[in-house]
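All remarks here apply to the structure that follows.
Quick caveat: nothing in here was measured; it's all calculated off a predicted structure.
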Amino acid sequence: MWLRDELLKSIWHAFTALDADHRGKVSKSQLKVLSYNLCTVMKIPHDPVALEEHFKDDDKGPLSNQGYMPYLNKFILDKVREDFDILEFNKICWTLCFHKSICPKRLRISEDDAFKVWCIFNFLSEDKYPLVIVTEEIEYFLQKLMEAMGSGWSEEKCAEYRLQMNSRTCLTAWELIELVGTGYFSTVSRPTLSLAINEVFQELILDVLKQGYMMKKGHKRKNWTERWFILRPNSMSYYVGEDLVEKKGDIILDQNCCVESLPDKDGKKCLFIIKCTDISFEISASDKKKKQEWIQAIQKCIQLRRLGLSSPHRESRLRRRELRQRQQVEEEDLVERMRELQAANDNKERQLEAMKKMEEAAAKATLEELRRKKTQLDLQDRYRLDLEKEKMVRQQMEEQVAQKSSELEQYLLRVRELENMYHQLKEALEDERQAKQDEEAMRKLQARLLEEEAAKRAELEQMHLQQQRVLSQTEAERQEMVAEQLAKERALQAAQLQLERLEQERRGALEQYKEVSRKLERATNKTRTWKDKVAKHEGLVRLIQPGHKAPQRITNWGPASFTDAELEMRKKSWQESKNQGAEAQ
């Protein structure tokens, strides 16, 4: 759940940006638009009438921050839920105030990087308005930024910048953005600076405690797949790649979870398991060092959940604030004690002056006042002793203050030395991690080359098997063609035999045809002779033949006995016989 104070800081920036006249008041129409946008982003039902009803007794003009705060708490912040996008919420407030407060052309960073620095400012700033960030938090942020860029922290530049700030001990958001954007503490390129800002932003704002590639065992198919893991205080998410485009799942970390190391199995090394209430996740790291780092980071998250604490960076911020508050209280107590000692000293001095006056009066008095004078002298001696004791106490207090100051300086120096040692150790570990990554890359390259060689060898073996199959298939086809050729030859021989038999039958049929032709010719000759004989005996015998469809003629032999052609032939035959008879006579 996002803290109300963190949300109020972004809204305060937006309210201040809408206050164009710097009078501390904003018009109701602008507050309506701001409230509607906040409700939309935070997924809260917006009531447009609520603002009017809440301020119905105050219609004189614009509203102040103190006047808008009760409405903001009652109708927006009291209804906030956990499922809204905090980045989009900050983007809306950032859009309202960025262009009115700073010129982007003067910066070496993009608007998105400036937005991230602004979010970091809201996280590290004090919970007092107007919002500022103190020197300790500025140095903390700059050290984180320099570590992300891979460069060391420069105490000389820090001291020089403190001199430039004179007596100021804090910065506004826009001064911090200008300090980072102008590259005062860094001389690296813009992409490197942008990557460093993004890394610090993810660590402080998005609570990314650790991220990297590991192998995860599936729950259904039990296969191992490489995933990009991101560890946060409450969960551990895993994606297909580090671009975070496709999210595959979440591992919810609660007080009932535990993480344990596993022995190597199934060809996988550096195994560990995360046991939750209803499910377990088996994960394989790249090496033993990474495995131990992940186990320690996950155990730290589970321990924080069991203690009911928030993220480590929030706890660290609270501890730094508490330390500053204790130091401030101690300084105030010390100043108060010094003031009291000074007041007591002044009082004693006044008393001493009064005693001196009394001594002068006693010297002029009579002998009768000798006893009283002696008593006054005794009292004076006693006051002097008390004053000396007070002086000694004051000196002791000053010595204690000096000793405490020296101890504090030694402690701060020791802290800086430990931080430097930590940074050096971290750089060495980073170099070692880089070397491990290079070695892992070379190993993956060799494995890929071996896989390609194995694939080519398998491909050549497949081609060899295909050639053998083609040769065997060609041999089978050749044998089949030989068998087919033999069958065709046998069929050709049978056809030749059949052809010879048919030729013999044709010759026999031809001879029979010739015989029948001769018989037909003889029959035709006989018929012709018979017809001639019949023609000679006209009218006695008439051959019956099919009639003609032409108009019938009437002859001596009856109607339609002859056709025209037959009649002509008969005419010719009759004429010839008549001529022969005439010649014979």
Side-chain angles (χ1 to χ4, degrees), residues 1-13 16 65 69 73 77 86 90 93 116-148 153 155 158 161-162 165 167-177 179-180 185 197 200-209 232-234 300-301 303-305 307-336 404-405 407-419 422-423:
M1 185 69 181
W2 296 100
L3 297 177
R4 181 180 298 237
D5 294 336
E6 296 181 4
L7 301 178
L8 282 175
K9 289 180 181 179
S10 299
I11 299 175
W12 179 83
H13 281 291
T16 306
N65 188 17
M69 189 60 66
N73 287 324
L77 297 182
I86 187 64
N90 288 330
C93 300
K116 294 175 181 178
V117 176
W118 180 76
C119 293
I120 295 171
F121 168 84
N122 291 338
F123 177 76
L124 297 177
S125 62
E126 300 297 308
D127 295 335
K128 299 177 182 179
Y129 296 92
L131 293 175
V132 292
I133 181 170
V134 297
T135 306
E136 291 80 1
E137 298 296 338
I138 296 173
E139 293 181 1
Y140 175 78
F141 166 59
L142 292 177
Q143 286 179 3
K144 285 280 187 184
L145 191 62
M146 300 297 284
E147 289 174 7
W153 172 248
E155 290 289 347
C158 181
Y161 184 72
R162 287 175 182 171
M165 291 179 65
S167 61
R168 297 180 59 188
T169 58
C170 57
L171 294 178
T172 64
W174 318 114
E175 291 172 342
L176 180 64
I177 293 174
L179 174 64
V180 177
F185 284 92
I197 293 173
V200 178
F201 174 78
Q202 286 188 348
E203 182 178 354
L204 297 181
I205 306 303
L206 301 183
D207 285 334
V208 176
L209 303 181
R232 294 184 176 90
N234 299 331
K300 185 177 180 182
C301 293
Q303 187 67 22
L304 289 174
R305 294 289 290 172
L307 296 176
L309 301 177
S310 58
S311 66
H313 298 293
R314 298 180 190 275
E315 294 297 325
S316 177
R317 180 188 62 180
L318 291 176
R319 288 194 297 270
R320 292 196 302 273
R321 287 183 180 178
E322 291 174 357
L323 179 60
R324 288 197 301 272
Q325 291 175 358
R326 286 197 301 269
Q327 291 177 352
Q328 185 176 1
V329 170
E330 290 176 357
E331 291 176 358
E332 292 176 355
D333 292 341
L334 185 59
V335 171
E336 184 65 25
K404 290 289 185 181
S405 300
E407 290 178 356
L408 180 60
E409 291 178 357
Q410 292 177 359
Y411 174 74
L412 293 175
L413 181 62
R414 180 58 179 170
V415 169
R416 292 194 187 97
E417 292 177 356
L418 291 176
E419 289 180 351
Y422 172 75
H423 296 329

_What verdict does the side-chain contact (heavy atoms from CB on, under 4.5 Å) test give for Glu419 and Val415, after you've listed the backbone C-alpha separation in whole Å, the side-chain angles of each residue and the deciding distance to 0.1 Å?_
CA-CA 6 Å; Glu419 289 180 351; Val415 169; 3.7 Å; yes

*In sequence, state the C-alpha distance, the side-chain angles, and the governing distance for Val134 and Leu171, and then conclude on side-chain contact (heavy atoms from CB on, under 4.5 Å).*
CA-CA 7 Å; Val134 297; Leu171 294 178; over 6 Å; no

_side-chain contact (heavy atoms from CB on, under 4.5 Å) for Asp207 and Gln202? Distances and angles first, verdict last._
CA-CA 6 Å; Asp207 285 334; Gln202 286 188 348; over 6 Å; no

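Legend: residues meeting salt bridge (Lys or Arg N to Asp or Glu O under 4.0 Å) with Glu417, ordered by chain and number and at least two apart, are Arg414. Glu322 pairs by the side-chain contact (heavy atoms from CB on, under 4.5 Å) definition with Arg326, not counting sequence neighbours. Checked against side-chain contact (heavy atoms from CB on, under 4.5 Å), Glu336 has the following partners two or more places apart in sequence or in another chain: Arg339, Glu340. Here Asn234 pairs with Arg305 under the side-chain contact (heavy atoms from CB on, under 4.5 Å) rule; sequence neighbours left out. Shown here are the salt bridge (Lys or Arg N to Asp or Glu O under 4.0 Å) partners of Glu126, two or more places apart in sequence or in another chain: Arg324. Annotation: side chain to side chain donor-acceptor pair (under 3.5 Å) contacts of Lys9 (sequence neighbours excluded): Ser125, Asp127. Every side-chain contact (heavy atoms from CB on, under 4.5 Å) that Leu307 has, sequence neighbours left out, goes to Gln303, Leu309.
Side-chain contact between Val200 and Glu147: absent, with no pair of heavy atoms (C-beta onward) separated by less than 4.5 Å. At a threshold of 4.5 Å between non-hydrogen side-chain atoms, the residues Trp12 and Pro130 count as touching. Residues Arg416 and Leu412 are in side-chain contact: their nearest non-hydrogen atoms beyond the backbone lie under 4.5 Å apart.
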Per-pair distances, 0.1 Å, donor-acceptor, side chain in residues 116-124, under 3.5 Å, sequence neighbours excluded:
unit_1 : atom_1 : unit_2 : atom_2 : d
Lys116 : NZ     : Asp112 : OD2    : 3.4
Lys116 : NZ     : Asn198 : OD1    : 2.7
Asn122 : OD1    : His13  : NE2    : 3.1

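One distance of note links CD of Glu6 with CG of Asn90; it measures 9.5 Å at 0.5 Å rounding. Atom CD in Glu175 sits 8.0 Å away from atom SG in Cys170 (nearest 0.5 Å). Rounded to the nearest 0.5 Å, atoms CG (Leu142) and CD1 (Ile138) are 7.5 Å apart. Leu131 CG to Thr16 OG1: the interatomic distance, rounded to the nearest 0.5 Å, is 8.0 Å. Taken from CG in Leu318 to CD in Gln325, the straight-line distance is 9.5 Å, to the nearest 0.5 Å.
For the residue pair Cys301 and Leu209, the shortest heavy atom distance occurs at SG-CD1, 3.2 Å. Contact between Glu137 and Ile133 at its shortest, heavy atoms only, is CB-CG1, 3.5 Å.
Using a 4.0 Å cut-off between a side-chain N of Lys or Arg and a carboxylate O of Asp or Glu, Arg320 and Glu136 do not qualify as a salt bridge.
Checked by atom type and distance alone, the side chain of Gln143 never pairs as donor or acceptor with a backbone atom of Tyr140 at under 3.5 Å.
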